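What you see is a predicted model; the values in this text were computed from it and never measured. Chain identifiers are assigned alphabetically (A, B, ...) following the order of the sequence lines, protein sequences preceding nucleic acid strands; residue numbering begins at 1 within each chain.
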2 protein chains.
Amino acid sequence: MLIESLTHPAPEALLAFLRAHLHARVTLHLAGEVEVLYAGRATSMAEAGDRLLLVKPDGSLQVHGPRGVKPVNWQPRTDHLSADLDGGCVVLHAERRSPAEVVRVRVIGCAQVTALNLADEALFLLQGSEAQMQQALARAPHLIEDGLTVLDRELLVGVGGIDLYARDSQGCFVVVELKRGKAGHDAVHQLGRYVDAVRAQVSAPVRGILAAPDITVPALKVAQAAGLEYVKVDALPQVQEEARQPMLF
Amino acid sequence: MLIESLTHPAPEALLAFLRAHLHARVTLHLAGEVEVLYAGRATSMAEAGDRLLLVKPDGSLQVHGPRGVKPVNWQPRTDHLSADLDGGCVVLHAERRSPAEVVRVRVIGCAQVTALNLADEALFLLQGSEAQMQQALARAPHLIEDGLTVLDRELLVGVGGIDLYARDSQGCFVVVELKRGKAGHDAVHQLGRYVDAVRAQVSAPVRGILAAPDITVPALKVAQAAGLEYVKVDALPQVQEEARQPMLF
DNA sequence: AGGTTGATCTCGACT
DNA sequence: AGTCGAGGTCAACCT
């Protein structure tokens, strides 16, 4: 996994190291004093400072400072990566088109640089996504309201899709918007848009339900004012009742 | 800057290393085979695989795989960090309250671990934020429309704030919503909300203008259908004309 | 390639 | 502490 590592390399040694590994499906880690320029959707410059640089085999690049999960500068995926000598310093260029962006990293001093092989064989499982919540509630719509019948999932209406489209025991159409976390007023507005879109196409009464484990106070007020309903549902609804359901027929 | 680095340390040596540096205002970098559990707002597990681990002095932790800017697992800022031996493996615990979350990293094999001092003395400048755009357009509202007079910035109306509140040459009130990038339909709806809120309080006619460097086709259609206007403005409006303005008085 | 949505979003600012 | 909105959001999915 550890391919090669240098400590305090001279610029020429660093350049050779980078050129040997940059395009070799390798993950690079560099710690050192660095100066970063970015130009693209916005423009930024960072004066020289101690930073941690990460370059992954997909060409993505990130420059980390001493705080936070977010890099100080980054490039999601580069179409072109190169290393050159400029004024006695190694300079990394990371460019991409669409959007047209470039990050230039000038390495003033390198304390350590490492080439690694990060093979990605590992299984990854995430529980609690909105997609899982949607699946669970589509199977057990009574967790939202008794007598609800799900007609569709991800129904496209105008722009965007309705998480759950259903009919209640009274025959009303019901638009359900799901949020896996606490719902804010943006979720209420999103629901309002979908309800409006359905009302424009259907003559029968249409209800809007925001289903989430929690809701902010302002969002609840906005919902009530707009005639939309909020229903508290668990983020990980346990749908094990069906296993207990006796076979009736 | 480079404090200490070990290659292929045994678990006991790694544990000593981590305990010596974890709470020493130091940035840690670890490359190795690792297994990660996360529980909090969601739940995830990653089987053993080659990963790159980063721990910063603020307690933030991230586990990187071979692709993308985003870590596979992370923890934004921990209240509690600890390292222990469990079944012959070093295990890192990173916990925080609010939200209650925990990340557990089991180090199965460590190829390299490094302690770094990332002093943050570096100046960072970002140009092209929406705040800068707002300031520039407030000073030069003619870039949006001739004869516009800005009355207010970030005017609070109901929930949320109006980026720019103005009056046009005809005496109409104008609500301006700014976007630094391409505007989507969410921006149009946001503008619509604000316009509605102002109309409810003012008897004079109210216009809504979406000012952005670009707009998606669907968003433009929605805007036109709702009687809202789109004005193309540069993301970095150069307001140097005022320097050329002759002193009239 | 363009558009939309979700995210363990992160992060800062403000109440 | 809670809420809100921006972000160079990123990244996945769909048309």
Side-chain angles (χ1 to χ4, degrees), chain A residues 36 38-44 58 60 62 67-77 96-103 126-134 154 156 158-163 177-187 190 193 214-221 235, chain B residues 36-44 58 60-63 67-77 94 96-103 126-134 154 156 159-161 163 177-187 190 214-221 235-236:
Chain A
V36 187
Y38 157 74
R41 288 165 290 179
T43 300
S44 82
D58 66 349
S60 64
Q62 44 196 312
R67 280 172 1 203
V69 169
K70 258 186 65 178
V72 183
N73 282 103
W74 69 92
Q75 190 79 283
R77 195 187 89 247
R96 69 162 167 170
R97 307 164 176 76
S98 180
E101 292 185 305
V102 57
V103 169
L126 181 72
Q127 254 183 18
S129 68
E130 187 181 301
Q132 290 179 1
M133 188 179 167
Q134 185 186 116
E154 294 293 350
L156 294 175
V159 288
I162 295 176
D163 288 338
E177 171 70 23
L178 300 181
K179 285 299 161 200
R180 63 166 301 285
K182 186 178 271 200
H185 54 67
D186 52 338
Q190 201 172 352
R193 286 211 309 270
D214 202 359
I215 188 170
T216 67
V217 174
L220 184 58
K221 283 181 182 157
Chain B
V36 186
L37 276 180
Y38 157 74
R41 289 164 290 179
T43 300
S44 83
D58 65 349
S60 65
L61 173 150
Q62 43 196 312
V63 183
R67 282 174 353 207
V69 170
K70 261 185 61 178
V72 183
N73 284 103
W74 69 94
Q75 190 80 282
R77 195 167 98 243
R96 69 164 167 168
R97 308 163 178 78
S98 181
E101 291 186 309
V102 57
V103 169
L126 180 71
Q127 257 183 18
S129 67
E130 189 180 301
Q132 289 179 4
M133 190 179 166
Q134 184 186 118
E154 294 293 349
L156 293 177
V159 67
D163 288 339
E177 171 71 24
L178 299 180
K179 284 296 160 202
R180 63 166 302 286
K182 189 178 267 201
H185 53 69
D186 53 338
Q190 200 174 347
D214 201 0
I215 187 170
T216 67
V217 175
L220 184 57
K221 283 182 180 154
L236 289 171

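- D/dG7 sits 13 Å from C/dA7 when the C1' atoms are compared, rounded to a whole Å.
- Counting any heavy atom pair closer than 4.0 Å across all strands shown, B/P99 reaches no nucleic acid atom.
- Shown here for B/E101 and B/G40, the closest heavy-atom pair between the two residues is CG-CA, 3.6 Å.
- Using a 4.0 Å heavy-atom cutoff across all strands shown, A/G181 reaches no nucleic acid atom at all.
- Heavy atoms only, all atoms of each residue included: B/A219 and B/G184 are closest at CB-C, 3.4 Å.
- Mapping A/E177 and A/G68 onto DNA chain C via the closest heavy atom, the residue that lands nearer the 5' end is A/E177.
- One can place CG of B/L156 at 10 Å from C1' of C/dC14, the figure rounded to the nearest angstrom.
- Of the side-chain N and O atoms in B/H185, one or more sit less than 4.0 angstrom from OP1 or OP2 of C/dT5.
- Here the C1' atom of nucleotide C/dT5 and the CZ atom of A/R193 are 10 Å apart, to the nearest Å.
- Side-chain contact check for B/T216 versus B/K182: some heavy-atom pair is nearer than 4.5 Å.
- Distances shorter than 4.0 Å separate some side-chain N or O of B/R41 from OP1 or OP2 on C/dT10.
- Contact annotation: B/K182 side-chain N/O to C/dG3 OP1/OP2 distance is under 4.0 Å.
- Within 4.0 Å (heavy atoms only), A/S129 reaches sugar-phosphate atoms of the nucleic acid but no base atom.
- In this structure, B/E101 reaches the bases: a heavy-atom distance under 4.0 Å links it to at least one base atom across the strands shown.
- Taking the nucleotide of DNA chain D with the nearest heavy atom to each of A/V103 and A/A219, the more 5' of the two is matched to A/A219.
- Atom-to-atom distance recorded for A/S60:OG and B/K70:NZ is 13.0 Å, nearest 0.5 angstrom.
- Between A/Q190 and the phosphate of C/dG6, there is a side-chain N or O to OP1/OP2 separation shorter than 4.0 Å.
- B/P76 and A/V69 get closest at one heavy-atom pair: CA-CG2, 3.5 Å.
- Scanning both residues, B/A235 and B/R180, for their nearest heavy atoms gives CB-O, 3.7 Å.
- Minimum heavy-atom separation, B/V103 to B/W74: CG2-O, 3.5 Å.
- Counting only Watson-Crick or G-U wobble pairs whose defining distances are both under 3.5 Å, the stems of 3 or more consecutive pairs in DNA chain D are C:1-7 with D:9-15, C:9-15 with D:1-7.
- Following rounding to the nearest Å, A/L126 (CG) and C/dC9 (C1') show an atom-to-atom distance of 12 Å.
- B/G68 and A/D58 make their closest contact through N-OD2, 2.8 Å (heavy atoms, listed as atom of the first residue, atom of the second, distance).
- Distance NZ (A/K179) to P (C/dA7): 8 Å, rounded to an integer number of Å.
- A side chain to side chain contact (heavy atoms under 4.5 Å, CB included) with B/D163 is found for exactly one of B/K179, B/E130, B/M133, namely B/E130.
- For A/E130, the side-chain atoms get nearest to C/dA7 when compared with the rest of C/dA7, D/dC10, D/dG8.
- A residue-by-residue look at A/T43 and B/G161 shows that B/G161 has its nearest nucleotide of DNA chain D further toward the 5' end.
- Taking atom CD on A/Q75 and atom P on D/dC10, their separation rounds to 9 Å, with Å as the unit.
- Among the heavy atoms of the strands lying under 4.0 Å from A/V217 are primed sugar atoms or P, OP1, OP2 only; no base atom is included.
- A/P76 comes within contact range of at least one nucleobase, with a heavy-atom separation under 4.0 Å.
- Applying the 4.0 Å criterion to OP1 and OP2 of C/dG12, one finds that A/K70 has every side-chain N and O outside that range.
- Applying the 4.0 Å criterion to OP1 and OP2 of D/dA11, one finds that B/R67 has every side-chain N and O outside that range.
- When the side-chain nitrogen and oxygen atoms of B/R77 are compared with OP1 and OP2 of C/dC11, none of them lie within a distance under 4.0 Å.
- Look at CG on B/L220: it is 11 Å from P on C/dG3, rounded to the nearest Å.
- D/dT9 atom P lies 8 Å from atom CH2 of A/W74, rounded to whole Å.
- What separates CG of A/D186 from P of D/dC4 is a distance of 8 Å, to the nearest Å.
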